[in-house]
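Below, read A as the first sequence line, B as the second, and so on, with proteins coming before strands; counting in each chain starts at 1. Any value given below was found using the heavy atoms of this structure, including those in side chains, with hydrogens, waters and symmetry copies removed.
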Amino acid sequence: MAATPKSYGLIAEFLTPADAMHAAEKVRDAGFRKWDVFTPFPVHGMDQAMGIKNSKVGYIAFAGGVTGYTSGMLMIWWMNAVDYPIMIGGKPMFSPFGAFPPCYELTILLGAFGSLFGMLFLNRLPRLHHPLLKHRRFALASHDRFFIVIETADPKYSETETRKLLESMGSKNIEVVEE
Amino acid sequence: MADVIANVEVKAPPAGLEREPLVLNQRSLGWISDAIAGVAEGKTPRWWWIAFIPSVIAMTVMTVMIVYLLSTGVGVWGPGHPVMWGWAIINFVWWIGIGHAGTLISAILFLLRQRWRTSINRAAEAMTIFAVMCAGIFPLIHIGRIWLGWWLFPLPNQNSIWPQFRSPLMWDVFAVSTYFTVSLLFWYMGLIPDLAVMRDRAKTKIRKFAYGLFSLGWTGSNRHWSNYEKAYLILAGLSTPLVLSVHSIVSMDFSVSQLPGWHTTIFPPYFVAGAVFSGFGMVLSLLIPLRTILKLEDIITVRHVELMCKVVLATGSIVGYAYAMEFFIAWYSGNPYERYAFINRAMGPYAWGYWVMIGCNVIVPQCFWFKSIRSNMLIVFILSIFVNIGMWFERFVIVVISLHRDFLPANWGYFKPTWVDITTYMGTFGLFFTLFLLFIRFMPIIAITEVKGVTPQADPHHPLGGAKPGGHH
């Protein structure tokens, strides 16, 4: 059976993180692109086994932090020194030292927004529907099983060859996921 | 090579190097899900109702007291010349101090790779958020004219005047609101994969929908985990300076003023240590009963409690050092007002408050030098209550004793709280426990995925994780 538009991919179940990781290394070396490993917790070393590059979420968080700091400084300077200056105790209208604590907090606040929302953006979440979430055994991916899914959208995908590859890795349970 | 050592057992490390496992009795991954998620599933247990109903009543009392305060005026409270700051500020600082343990556990212990934190971080973060909510009530209602509370925010008032950023009170607004928001984000981010666990276990339609919605469609994809772990690390990195800054800035509310007893440079580090001390005290008070009631002794182990006791001991000793140093500086400064303020603390009309503080904060934690005490859950629980009481008295000492005798004896007084002060404070416990009990009932109270991640069977390089002996992984 060729890949029908109705099937999403092949799902292979593994019992231990080591099995899933060795399998992932082979899938990576076979040159697949549209595939993923699903685990109940982050498995250390899996990024290398899958050939995933370092996450870009740091750049987004950094941009958030810089925005927080500069907008805080500009806000305080403009409010207290430009728009409505009030002389208090002969102190300067604006001093970066007095303005530092709120700006420090804003750096952290916007940096934190950057990291959470950046993570969600990079992961394309929230997502209300996913073909895997309908799959009968997939609920175990949050319990104690490890899954490798190779999507039909991958150019190297072939119903028979890919299944053979997954079988050769020792998966006892391989099924087709409906779209 | 593999066949040479294929039959070799993985040797246990020498007795001296062996570490107690983080999850006892070699529990499986599935057991961890069942034990933790099971708390929030099934029929509501009776003990929950027994705790929940009085909490809701106390919360209602608090609401009534706040309505009474706002409709009548701040005169229903004790503060008056010369003690113009009373219980509201004490309670605010006390609750926000308690809130420090959560983010410390989740952020600083994460960066220090203290893997035992996984068993307690979720509940501690929840405690943080609820404690900051209780804290946030007081600055808002103590201003008296609550309808002008928006003057605290960077908005122009009716005369187009902006708030004054040279004041530490403005810094405090930013510190506390940032702390609340970031703690909430951190907590929620940790919850996403666990809510997915709850979603996948849900039986009823409402639960499927609610957990499904809040887990944002999390699948456990490793491409997602990769971004998630990086974001979590960054959040921990951002929260670490945040924890240290929040109570520093709270302390500046006092130390930037020029009152003897407040105007000291030791305040920021001393407040942070005190906050961590009280926060861990509260975590112990909450988790020791919970681990027994919810049968989670294999996850929140005696070793975890012991480690928390050690943090209490360390921070309690720092606090004790700060008390001693305050006295030394008062003498060494040669300032007669400063000297008087401190002698008055220890020997004046409020000496009882000072010595309660010393007893609870300096002497009690020293018991934790002994392993027999640290590993006795009942004693640790009782001592942790003393820590909470002691830290409340610390703020009482700082706020009330420093204020009650001004520079001139004409401005001396003796502050007494009113019944409204007392019932409002007691009522905040109602709010806190109502929220905490709802959290226990509906959310995974321990980070399921994180606990799974620190078990040996989660490690692909460990025999229990499926690693073949002698293999390259």
Side-chain angles (χ1 to χ4, degrees), chain A residues 15-19 21-22 24 36-47 50 52 54-58 61 65 75-76 79-80 83-84 86 88 91 98-99 101-102 104-106 108-109 111-113 115-116 118-120 122-123 125-130 132-133 139 141-144, chain B residues 28-30 33 154 156 160-166 168 170-171 174-175 178 181-182 185-186 188-189 193 196-197 199-201 216-231 234-235 238-239 241-242 245 249 252 449-450 452-453 457-461 465-468 473:
Chain A
L15 294 177
T16 65
D19 290 349
M21 202 155 100
H22 294 308
D36 212 335
V37 183
F38 296 85
T39 55
F41 49 84
V43 175
H44 288 267
M46 190 62 94
D47 288 2
M50 283 181 71
I52 300 178
N54 199 356
S55 167
K56 289 190 173 56
V57 74
M75 174 185 79
I76 293 171
M79 286 176 183
N80 284 173
D83 191 53
Y84 205 128
I86 302 174
I88 290 177
K91 290 173 198 159
Y104 180 90
E105 303 298 335
L106 285 172
I108 292 170
L109 182 68
F113 280 135
S115 72
L116 176 66
M119 181 276 285
L120 292 177
L122 291 172
N123 288 344
L125 293 174
R127 204 182 149 150
L128 292 175
H129 168 263
H130 195 285
L132 285 169
L133 292 177
S142 67
H143 195 68
D144 62 353
Chain B
S28 67
L29 296 174
S33 281
S160 305
I161 304 174
W162 295 96
Q164 189 43 257
F165 281 95
R166 277 165 280 196
M170 273 315 285
W171 307 349
F174 277 78
T178 298
T181 315
V182 173
L185 291 185
F186 206 3
Y188 181 61
M189 184 160 165
V197 174
R199 171 200 66 201
D200 292 343
R201 298 167 57 91
L216 309 177
W218 185 262
T219 51
S221 144
N222 194 62
R223 292 179 197 276
H224 288 185
W225 279 123
S226 176
N227 290 321
Y228 177 91
E229 284 213 287
K230 178 71 82 179
I234 292 169
L235 264 186
L238 288 167
S239 303
L242 178 65
S245 75
I249 290 179
M252 286 175 194
T449 51
E450 288 185 37
K452 283 180 185 169
Q457 60 267 38
D459 181 359
H461 309 290
K468 312 274 182 299
H473 272 301

In this structure, CG of B/Asn227 is separated from CG of A/Asp47 (nearest 0.5 Å) by 9.0 Å
A/Ile88, part contacting chain B, at a heavy-atom distance under 4.5 Å | both
Does any heavy atom of chain A fall under 4.5 Å from the side chain of B/Leu242, the backbone, both, or neither of them?
-> both
Determine, stepwise, if the pair A/Glu105 / B/Ser245 fulfils side-chain hydrogen bond (donor to acceptor under 3.5 Å, both in side chains).
-> CA-CA 8 Å; A/Glu105 303 298 335; B/Ser245 75; 2.7 Å; yes
Determine the minimum heavy-atom distance between B/Leu238 and A/Gly111, stating which atoms define it.
-> CD1-C, 3.3 Å
Within-4.5 Å side-chain heavy-atom neighbours: B/Gln164 and A/Met79 | no
Chain B shares the most heavy-atom pairs under 4.5 Å, among A/Leu133, A/Asn123, A/Asp144, with A/Asn123
Of the listed B/Gly217, B/Gly30, B/Ser33, the one with the largest count of heavy-atom pairs under 4.5 Å with chain A is B/Gly30
Would a distance-only check, ignoring hydrogens and angles, find a side-chain to backbone donor-acceptor pair under 3.5 Å from A/Tyr84 to B/Pro163?
-> no
Side chain, backbone, both or neither: which part of A/Leu15 has a non-hydrogen atom closer than 4.5 Å to chain B?
-> neither
Where the side chain of A/Asp36 meets the backbone of B/Asn222, is there a donor-acceptor pair that is under 3.5 Å apart?
-> yes
Given a strict heavy-atom distance threshold of 4.5 Å, which part of A/Ala61 is in contact with chain B: side chain, backbone, both, or neither?
-> side chain
What's the shortest heavy-atom distance between B/Leu235 and A/Ser115, and which atoms?
-> CG-OG, 3.3 Å
Do the side-chain N and O atoms of A/Asn80 and B/Trp162 include a donor-acceptor pair separated by under 3.5 angstrom?
-> no
Non-neighbouring partners of A/His44 that pass ring-ring contact (aromatic ring centres under 6.0 Å, His included), sequence neighbours left out | none
Chain B heavy atoms under 4.5 Å from A/Lys56: which part of the residue, side chain, backbone, both or neither?
-> backbone
For B/Phe165 and A/Met75, work out which heavy atoms get closest and say how close.
-> CZ-CE, 3.7 Å
Considering only heavy atoms and a distance below 4.5 Å, find which of B/Thr219, B/Val182, B/Thr181 pairs most often with chain A.
-> B/Thr219
Please look at B/Pro193 and chain A and tell me whether the side chain, the backbone, both or neither of the residue comes under 4.5 angstrom of a heavy atom of that chain.
-> neither
Side chain to side chain, B/His224 and A/Leu125, heavy atoms closer than 4.5 Å | yes
Chain A shares the most heavy-atom pairs under 4.5 Å, among B/Glu450, B/Arg201, B/Arg199, with B/Arg199
From A/Ile52 atom CD1 to B/Trp225 atom CH2, the distance as rounded to the nearest 0.5 Å | 13.0 Å
When only pairs under 4.5 Å are counted, which of A/Leu106, A/Asp19, A/Leu132 shares the most heavy-atom pairs with chain B?
-> A/Leu106
With chain B, which of A/Leu116, A/Leu122, A/Thr39 has the greatest number of heavy-atom pairs at distances under 4.5 Å?
-> A/Thr39
Proximity breakdown for A/Met46 and chain B, heavy-atom pairs closer than 4.5 Å | both
Can you check side chain to side chain contact (heavy atoms under 4.5 Å, CB included) on A/Thr16 and B/Gln457, steps first, answer last?
-> CA-CA 8 Å; A/Thr16 65; B/Gln457 60 267 38; over 6 Å; no
Proximal component of B/Ala196, with respect to chain A [non-hydrogen, under 4.5 Å] | backbone
What one should report as the nearest heavy-atom pair of A/Pro17 and B/Pro460 is C-CB, 4.1 Å
The salt bridge (charged side-chain N to carboxylate O under 4.0 Å, His left out) partners of B/Arg166 (sequence neighbours excluded) come to none
Which answer fits A/Tyr104, side chain, backbone, both or neither, if we ask what part of it has an atom under 4.5 Å from a heavy atom of chain B?
-> side chain
Sort B/Pro241 into side chain, backbone, both or neither according to what part of it lies under 4.5 angstrom from a heavy atom of chain A.
-> both
Top residue by heavy-atom pair count (under 4.5 Å) with chain B, among A/His130, A/Met50, A/Lys91, A/His143?
-> A/His143
If we only count heavy atoms from C-beta on, is the A/Pro40 to B/Thr449 side-chain gap below 4.5 Å?
-> no
Apply side chain to side chain contact (heavy atoms under 4.5 Å, CB included) to A/Phe41 and B/Leu29, showing your working.
-> CA-CA 10 Å; A/Phe41 49 84; B/Leu29 296 174; 3.8 Å; yes
Between the side chain of B/Lys452 and the main-chain N/O of A/Ser142, is any donor-acceptor distance below 3.5 Å?
-> yes
